[in-house]
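To start, the structure itself, in structure tokens.
Counting starts at 1 for both ligands and their atoms, following the listed order.
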Amino acid sequence: MYEIVAKEILNKDVDLMVIKAPLVARNAKPGHFIILRVDDEGERIPLTITEIDGDLVSIIYQKLGYTTRLLGTYNVGDSLSDFVGPLGKAAHIRDIKNVLGIAGGVGAAPLLPQLKEYARRGVKVTLVIGARSKDHLILLDKYKEFCDEILIATDDGSLGTKGFVTDILTELYKTRKFDHTIAIGPLIMMKFVVILNKKHGLKTDVSLNPVMIDGTGMCGNCRVTIGDKTFFACVDGPDFPGEEVNFDELLARQNYYHEEEHVCNLRLVKK
Ligand SMILES: Cc1cc2nc3c(=O)[nH]c(=O)nc-3n(C[C@H](O)[C@H](O)[C@H](O)COP(=O)(O)OP(=O)(O)OC[C@H]3O[C@@H](n4cnc5c(N)ncnc54)[C@H](O)[C@@H]3O)c2cc1C
Ligand code: FES
């Protein structure tokens with residue numbers, strides 16, 4: 001069992017949880033994720049490792065469906081049945097002078113450890129972060145600790161530029177050059193960031209989050225098309241070169257399990 005030692009509500013949809021998991025903590029690097037089961041009957045869900053502190057592993061989750069909402073009902077002192085990791089390939093941290101991170105919504109969570117590692121290596125870090133509104137922005141305080149510059153976009157204009165991250169990028173690229181970019185957020189955001197970046201000759205790493213089951217390359221559920229090849233996001237990713245990702249295929253598959261998810265949600269309502 002894996003004890004929850006701290007919990008923080010970041011906004012009405014998103015929580016941060018700190019779990020005691022020494023073996024995971026010992027080997028985790030930026031870009032790695034875990035797969036957890038809340039209880040013995042639960043489904044397995046992947047979540048990115050956002051921070052490590054000694055034996056403690058932080059995760060941040062958006063309460064979207066059955067399992068993340070069930071997780072949200074757990075509190076400090078409760079324990080999770082399974083907490084397996086670190087899984088996936090660690091992010092490729094490049095030897096560069098400056099990096100641009102682009103986060104959308106809860107994508108700010110998986111982006112955090114990667115940008116923090118760049119900052120630790122002395123790389124200049126610029127962050128463009130977007131969310132539906134001021135209240136949906138997460139982790140700004142943590143980013144302020146190490147980012148050289150932060151630009152904010154909200155859909156409703158309640159903080160920063162009114163619009164999408166791509167609106168900020170369009171302006172930014174008129175005067176600024178970056179060695180590399182990393183974009184993590186909703187698929188549709190990553191797709192359009194990659195299209196824009198390509199026009200400016202910029203490469204973009206993206207983090208893909210197809211539905212995963214075993215997380216070890218056995219079930220094939222997390223397959224993604226990169227260039228003309230098929231990869232498994234759980235063992236070959238989750239980070240991939242954005243220019244080669246078939247976003248349309250991923251977008252089409254996003255609602256594949258919609259009916260099953262609906263049935264699960266009904267179970268939670270009945271509990
Ligand atoms: C490698 C990896 C890392 C991830 N890291 C994080 C993280 O740090 N924080 C976080 O909040 N989420 C993260 N996710 C997404 C998270 O795993 C899903 O949101 C979760 O599995 C949903 O489970 P559920 O039972 O609560 O919702 P479900 O009932 O299964 O789904 C509810 C809704 O969420 C959508 N959904 C389901 N699975 C995913 C998915 N994999 N990606 C995007 N949308 C999904 C469904 O289309 C549906 O609309 C990550 C996914 C992967 C593959
Ligand atoms: S989750 Fe089964 S192969 Fe990746």
Side-chain angles (χ1 to χ4, degrees), residues 9-19 28-39 41-51 57-74 82-91 103-114 131 136 138-139 142 184-190 205-224 226 230-240 245 247 250-269:
I9 296 182
L10 300 185
N11 66 36
K12 75 174 178 44
D13 301 322
V14 182
D15 299 341
L16 179 154
M17 220 174 232
V18 183
I19 316 289
K29 294 201 172 66
H32 279 144
F33 65 95
I34 54 92
I35 287 191
L36 65 76
R37 276 196 316 158
V38 177
D39 57 34
E41 291 168 10
E43 68 168 349
R44 300 154 58 86
I45 62 156
L47 294 170
T48 306
I49 295 170
T50 46
E51 277 186 314
V57 178
S58 296
I59 50 169
I60 290 175
Y61 55 92
Q62 183 170 22
K63 290 168 273 185
L64 272 177
Y66 179 79
T67 302
T68 45
R69 282 163 56 196
L70 181 65
L71 184 59
T73 65
Y74 277 50
D82 289 333
F83 196 82
V84 178
L87 298 169
K89 275 195 177 153
V106 78
L111 184 63
L112 183 80
Q114 297 200 32
H136 289 89
I138 56 166
L139 300 172
K142 285 195 186 282
I184 309 186
L187 278 174
I188 197 75
M189 179 207 94
M190 293 192 286
D205 284 340
V206 295
S207 183
L208 301 182
N209 55 4
V211 172
M212 291 184 179
I213 297 176
D214 61 304
T216 59
M218 302 287 280
C219 72
N221 208 67
C222 66
R223 67 191 178 281
V224 292
I226 311 294
T230 299
F231 289 89
F232 293 160
C234 67
V235 286
D236 302 317
D239 293 352
F240 291 98
V245 172
F247 283 106
L250 286 169
L251 283 161
R253 281 177 51 200
Q254 203 168 34
N255 291 321
Y256 198 74
Y257 294 108
H258 197 69
E259 210 171 306
E260 288 82 354
E261 285 156 359
H262 179 63
V263 172
C264 280
N265 281 327
L266 289 178
R267 263 173 49 205
L268 192 64
V269 172

Subject >> side-chain hydrogen bond (donor to acceptor under 3.5 Å, both in side chains) partner of Lys63, the single match among Thr68, Asp13, Asp15 >> reply: Asp15
Original post:
Against heavy atoms of Ile60, which atoms of ligand 1 measure under 4.0 Å?
Top reply: 7 (C), 8 (O), 9 (N), 10 (C), 11 (O)
**OP:** Could you please give the number of protein N/O/S atoms within less than 2.8 Å of atom 2 (Fe) of ligand 2?
**Re:** 2
**OP:** Return yes if some donor-acceptor pair links the side-chain N/O of Ser58 with the main-chain N/O of Thr50 below 3.5 Å, else return no.
**Re:** no
**OP:** Before signing off on this row, confirm whether Arg69 and ligand 1 have an N or O atom pair separated by under 3.5 Å.
**Re:** no
**OP:** Kindly indicate whether the side chain of Tyr74, heavy atoms from C-beta on, has any atom under 4.5 Å from the side chain of Asp39.
**Re:** yes
Original post:
Does ligand 1 have any atom that is closer than 4.0 Å to a heavy atom of Glu43?
Top reply: yes
Subject >> Gly88 heavy atom under 4.0 Å from ligand 1 >> reply: no
Subject >> CG-NE2 distance between Leu10 and His136, expressed to the nearest 0.5 angstrom >> reply: 12.5 Å
Original post:
Within the structure, does Val106 bring an N/O atom to less than 3.5 angstrom of an N/O atom in ligand 1?
Top reply: no
Original post:
Distance only, no hydrogens: is a donor on one side chain within 3.5 Å (strictly under) of an acceptor on the other, for Gln114 and Asp239?
Top reply: yes
Original post:
Mind checking whether Gln62 has an N or O less than 3.5 Å away from an N or O of ligand 1?
Top reply: yes
Subject >> For atom 34 (O) of ligand 1, the option (of Leu64, Val211, Ile49) bearing the nearest heavy atom >> reply: Leu64
**OP:** Carefully, step by step, assess Leu87 and Met212 under the rule side chain to side chain contact (heavy atoms under 4.5 Å, CB included).
**Re:** CA-CA 12 Å; Leu87 298 169; Met212 291 184 179; over 6 Å; no
Subject >> Pairwise side-chain contact, Phe232 with Cys219, heavy-atom cut-off 4.5 Å (strictly under) >> reply: no
**OP:** Show which atoms of ligand 1 fall inside a sub-4.0 Å distance from at least one heavy-atom site of Leu47.
**Re:** 4 (C), 5 (N), 6 (C), 7 (C), 9 (N), 10 (C), 12 (N), 13 (C)
Subject >> From Cys222 atom SG to Asn209 atom CG, the distance as rounded to the nearest 0.5 Å >> reply: 11.0 Å
Original post:
OH/Tyr61 to CG/Leu47 distance, rounded to the nearest 0.5 angstrom?
Top reply: 9.0 Å
**OP:** Kindly confirm or rule out an N or O of Leu208 lying under 3.5 angstrom from an N or O of ligand 1.
**Re:** no
Original post:
Under the salt bridge (charged side-chain N to carboxylate O under 4.0 Å, His left out) test, which residues partner Arg37, sequence neighbours left out?
Top reply: Asp82
